[in-house]
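Quick notes on the structure that follows.
Below, chain A is the first sequence line, B the second, and so on; all start at residue 1. Computed from a predicted structure; not experimentally measured.
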Amino acid sequence: NAGVTQTPKFQVLKTGQSMTLQCAQDMNHEYMSWYRQDPGMGLRLIHYSVGAGITDQGEVPNGYNVSRSTTEDFPLRLLSAAPSQTSVYFCASTPPTAGGYNEQFFGPGTRLTVL
Amino acid sequence: GDSVTQMEGPVTLSEEAFLTINCTYTATGYPSLFWYVQYPGEGLQLLLKATKADDKGSNKGFEATYRKETTSFHLEKGSVQVSDSAVYFCALSDRLGGKLIFGQGTELSVKP
């Protein structure tokens, strides 16, 4: 298994540009999430999905869109990039069980700089 | 809302020293608690977890006990190594496990 993969690893955008960060997992996990990591703030949840066709907002959803058309893929779209979106983005997936409490598996991250 | 607070870093220790990283939480209900570790340039990896009060999670010499009475989940290791240098995150999850709430992270640097 490749686990959770993310592309690209690095990206530089200009303010106002749009782009999609890709995330895929081959573990047949239902739950997937996007986080951003900023210095001194830990990781903050952007959006998450409990299964194909179902998404919901996390703590910091503004400026980002997601969709979940398949179990494997969970892309994150930046509609109009802003310097405040400069961050490291992590995708994660987790298998559900009765009662939850499962480990989340993280991808290697995408480092995004918005000029 | 739910939250996690960790001791601020960076923490610098000599090899074989004792490590404690404090973590306290605020949550409704009965969350699960986790410690994740991030090595330089990598994503996060689960280090250990505890799912109910008084549970002790352990892995690679690290331990943490879920203390409901003090709402704490402090990370400890008896003898750190240079290879333990990383950023450590305390986190709690909602009942479904799909959402994690993280502390701000504590950077650990271990010197030979």
* **Verify same cluster id: Leu78(A), Met32(A) (apolar side-chain graph, 4.5 Å)** => yes
* Answer yes or no: is there a side-chain heavy-atom contact under 4.5 Å between Gln104(A) and Tyr36(B)? => yes
* Output the distance between atom CD (Gln37(A)) and atom CZ (Phe89(B)), rounded to the nearest 0.5 Å. => 4.5 Å
* Shared hydrophobic cluster, Val66(A) / Leu21(A) (ILVMFWY, side-chain heavy atoms < 4.5 Å) -> yes
* Asked: How many angstroms lie between CD in Gln38(B) and CZ in Phe90(A), if you round to the nearest 0.5 Å?
  -> 4.5 Å
* What residues of residues 57-66 of chain B sit under 4.5 Å from chain A when only non-hydrogen atoms are counted? -> none
* Rounded to the nearest 0.5 Å, what separation is found between the CG atom of Leu100(B) and the OH atom of Tyr48(A)? -> 12.0 Å
* Is Gln17(A) atom CD crowded by more than 12 heavy atoms from other residues, nucleotides or ligands, each under 6.0 Å away? -> yes
* **Leu44(B) and Leu43(A), any side-chain heavy atoms less than 4.5 Å apart** => yes
* Asked: Linking I/L/V/M/F/W/Y whenever any side-chain heavy atoms sit under 4.5 Å apart, do Phe74(A) and Leu112(A) land together?
  -> yes
* More than 12 heavy atoms of other residues, nucleotides or ligands under 6.0 Å from CZ of Arg111(A): is that the case? -> no
* Identify the residues of residues 2-13 of chain B whose heavy atoms come closer than 4.5 Å to a heavy atom of chain A, ordered by number, or report 'none'. => none
* To do: Using the rule that two of Ile, Leu, Val, Met, Phe, Trp, Tyr join whenever any of their side-chain heavy atoms come within less than 4.5 Å, decide whether Leu46(B) and Tyr88(B) are in one cluster.
  => no
* To do: Decide whether Val114(A) and Trp34(A) are clustered together by the hydrophobic rule: side chain heavy atoms of Ile, Leu, Val, Met, Phe, Trp, Tyr closer than 4.5 Å, transitively.
  => yes
* Asked: Tell me, side chain or backbone of Glu30(A) under 4.5 Å from chain B's heavy atoms, or both, or neither?
  -> neither
